[in-house]
Asker: 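Quick one: the structure is below, questions incoming.
Note: hydrogens, waters and symmetry copies are ignored here, and every other heavy atom, side chains too, is used. Start at 1 and go down the list; that is how both ligands and their atoms are numbered. Residue indices begin at 1 and follow the sequence shown.
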Amino acid sequence: MKLLSVVGARPQFVKLAAVAHAAAQARVEHVIVHTGQHYDPMLSDVFFTELGIPAPDVHLGVGSGTHGVQTGAMLGALDAVLDEHRPDWVLVYGDTNSTLAAALSAVKLHLPIAHLEAGLRSFNRRMPEEHNRVLTDHAADLLLAPTRVAVDHLAGEGLASRTVLVGDVMTDVLRVVRESTSGRGSSLVDELGLEPGEFLVATIHRAENTDDPVRLQAVVDGLAACGRPVVLLAHPRVVAKAAEHSIRLDRGGLVVHPPLAYGDLLAAALASGGVVTDSGGLQKEAFLLRVPCTTVRTETEWVETIELGWNVLVPDPADLPAVVSRPAPQPTDATPYGDGHAAERVIAELVARS
Ligand code: UD1
């Protein structure tokens with residue numbers, strides 16, 4: 001079988017790590033196409049190096065732009081690449097503009113498409129990710145769902161016959177990296193002289209929180225008022241938007257730090273007293289590490305983290321100081337994200353259908 005993966009943004013590289021290893025183990029031919037949506041070394045190269053992902057076979061170098069410009073540039077470039085390789089399966093990941101562009105290109109070339117992380121829904125149609133995932137699910141031939149909730153969403157949209165529950169591939173990667181880095185300590189704690197358990201790790205990057213200056217100011221104010229150090233691992237988008245609107249990031253308890261490599265992020269989260277984020281991946285990672293998470297959004301796709309008590313939604317950032325001080329959640333041994341072997345199942349499902 002010949003598999004072609006299209007990736008472009010940070011969380012997709014983590015998912016690709018699991019799939020690339022499982023494909024290599026099964027001796028599946030695997031072509032990796034990087035769209036270039038993320039290009040900063042700390043958002044891209046560091047994941048390939050650290051997680052042992054083979055270098056991309058093709059790099060489209062598309063870069064940033066408005067949704068239409070970025071998605072259109074990828075679409076234009078992908079046609080020739082997919083046509084040249086003619087894989088048995090095009091595998092697309094998650095919900096970014098790279099996901100949608102690859103799905104559109106493949107469907108028009110009549111190439112079979114599998115969507116990894118299918119069926120997640122926020123039901124918030126103002127989120128770019130929600131359009132990307134709904135459109136991709138409806139274009140794809142095989143829907144690889146991470147959770148039972150995702151399976152139910154797909155069934156509700158008439159897509160049950162194309163759906164398979166495989167589990168969450170980010171969980172596969174987290175388990176392996178956590179094992180290999182256990183006992184290593186946190187480079188962030190050492191670098192900033194932090195007191196373990198007495199600080200928070202924050203990431204904010206979603207358009208809903210960054211693009212409106214009033215909202216961004218409110219998020220920064222909320223983080224700065226948490227009454228303890230909050231290390232903001234700042235995605236370039238939040239840095240750019242804050243600069244554009246003259247919003248100061250390093251005030252109150254807020255400390256700005258560049259994004260971390262994957263193992264360092266897990267170590268920092270484990271050493272922290274909690275995580276504050278709008279990232280989907282980090283909500284889940286915090287849950288898997290059993291670190292309390294506070295999510296600066298009105299809803300989440302990873303509802304299991306809420307139901308099990310380890311994640312709390314904070315639509316109004318003014319509530320952050322109170323919510324991050326809540327009592328510790330009840331311990332749980334629930335495993336809603338699978339057993340750490342999701343990527344092997346992904347490859348087996350693709351091979352069985354090729
Ligand atoms: C994208 C995804 C989002 C995902 C996130 C993970 C879409 C619509 N959004 O958001 O779902 O959660 O990746 O991180 O696909 N920039 C840089 N360097 C880079 C990349 C981006 O400086 O390497 C800056 C640019 O100013 C750019 C902005 O960040 O305009 C936004 O980048 P973009 O790729 O459009 O979206 P993300 O916010 O990264």
Asker: Could you check whether atom NZ of K108 has more than 12 heavy atoms from other residues, nucleotides or ligands sitting under 6.0 Å from it?
Answerer: no
Asker: Partners of D172 by salt bridge (charged side-chain N to carboxylate O under 4.0 Å, His left out), sequence neighbours excluded?
Answerer: none
Asker: Just heavy atoms, cut-off under 4.0 Å: does S44 contact ligand 1 by side chain, backbone, both, or neither?
Answerer: neither
Asker: Do S279 and E285 come within less than 4.5 Å of each other through their side chains, counting heavy atoms only?
Answerer: no
Asker: Quick one: does NZ or CZ of R125 land under 6.0 Å from the six-membered ring centre of F123, within 45 degrees of the ring axis?
Answerer: no
Asker: Report the part of L43 (side chain from C-beta onward, or backbone N, CA, C, O) that has a heavy atom under 4.0 Å from ligand 1; answer both or neither where that applies.
Answerer: side chain
Asker: So which protein heavy atom does atom 24 (C) of ligand 1 come closest to, and at what separation?
Answerer: P236 CB, 4.0 Å
Asker: Under 4.0 Å from a heavy atom of Q70: which atoms of ligand 1 are those, numbered in the order shown and with their elements?
Answerer: 34 (O), 35 (O)
Asker: Distance under 4.0 Å to a non-hydrogen atom of H205: what atoms of ligand 1 satisfy this?
Answerer: 4 (C), 5 (C), 6 (C), 12 (O)
Asker: Does S98 reach ligand 1 with a nitrogen or oxygen that is under 3.5 Å from one of the ligand's nitrogen or oxygen atoms?
Answerer: no
Asker: Please list the nearest protein heavy atom to atom 6 (C) of ligand 1 with its residue and the distance rounded to 0.1 Å.
Answerer: P11 CD, 3.4 Å
Asker: Less than 3.5 Å apart, which donor and acceptor atoms pair up between the side chains of residues 339-347 and the rest of the protein, not counting sequence neighbours?
Answerer:
{"unit_1": "D339", "atom_1": "OD1", "unit_2": "H341", "atom_2": "N", "d": "2.9"}
{"unit_1": "D339", "atom_1": "OD1", "unit_2": "R345", "atom_2": "NH2", "d": "3.1"}
{"unit_1": "D339", "atom_1": "OD2", "unit_2": "R345", "atom_2": "NH2", "d": "2.7"}
{"unit_1": "H341", "atom_1": "ND1", "unit_2": "E344", "atom_2": "OE1", "d": "3.4"}
{"unit_1": "H341", "atom_1": "ND1", "unit_2": "E344", "atom_2": "OE2", "d": "2.9"}
{"unit_1": "R345", "atom_1": "NH1", "unit_2": "V166", "atom_2": "O", "d": "2.7"}

Asker: Applying side chain to side chain contact (heavy atoms under 4.5 Å, CB included) between L154 and each of T163, L165, L120, report the one that passes.
Answerer: T163
Asker: Nearest protein heavy-atom contact for atom 8 (C) of ligand 1: which residue, which atom, what distance?
Answerer: N97 OD1, 3.4 Å
Asker: Taking atom CZ of R86 as the centre, report whether more than 12 heavy atoms of other residues, nucleotides or ligands fall under 6.0 Å from it.
Answerer: yes
Asker: Verify, without hydrogens or angle tests, whether D278 (side chain) and H205 (backbone) share a donor-acceptor contact under 3.5 angstrom.
Answerer: yes
Asker: For ligand 1, find out whether one of its N or O atoms is nearer than 3.5 Å to an N or O atom of E129.
Answerer: yes
Asker: Report yes if some N/O of D40 lies less than 3.5 Å from some N/O of ligand 1; otherwise report no.
Answerer: yes
Asker: Indicate yes or no: does an N/O atom of H38 lie under 3.5 Å from an N/O atom of ligand 1?
Answerer: yes
Asker: For the residue pair P336 and W302, establish whether any side-chain heavy-atom pair is separated by less than 4.5 Å.
Answerer: no
Asker: Please state which protein non-hydrogen atom is closest to atom 7 (C) of ligand 1 and give its distance, to 0.1 Å?
Answerer: Q37 NE2, 3.6 Å
Asker: Nearest protein heavy-atom contact for atom 16 (N) of ligand 1: which residue, which atom, what distance?
Answerer: Y39 OH, 3.6 Å
Asker: Scan the protein's non-hydrogen atoms and note whether one is under 4.0 Å from atom 26 (O) of ligand 1.
Answerer: no
Asker: Mark yes or no for whether R326, through its side chain, and V323, through its backbone, hold a donor-acceptor pair below 3.5 Å.
Answerer: yes
Asker: Identify, for atom 32 (O) of ligand 1, the protein heavy atom at the shortest distance, and state residue, atom and that distance.
Answerer: R237 NH1, 4.2 Å
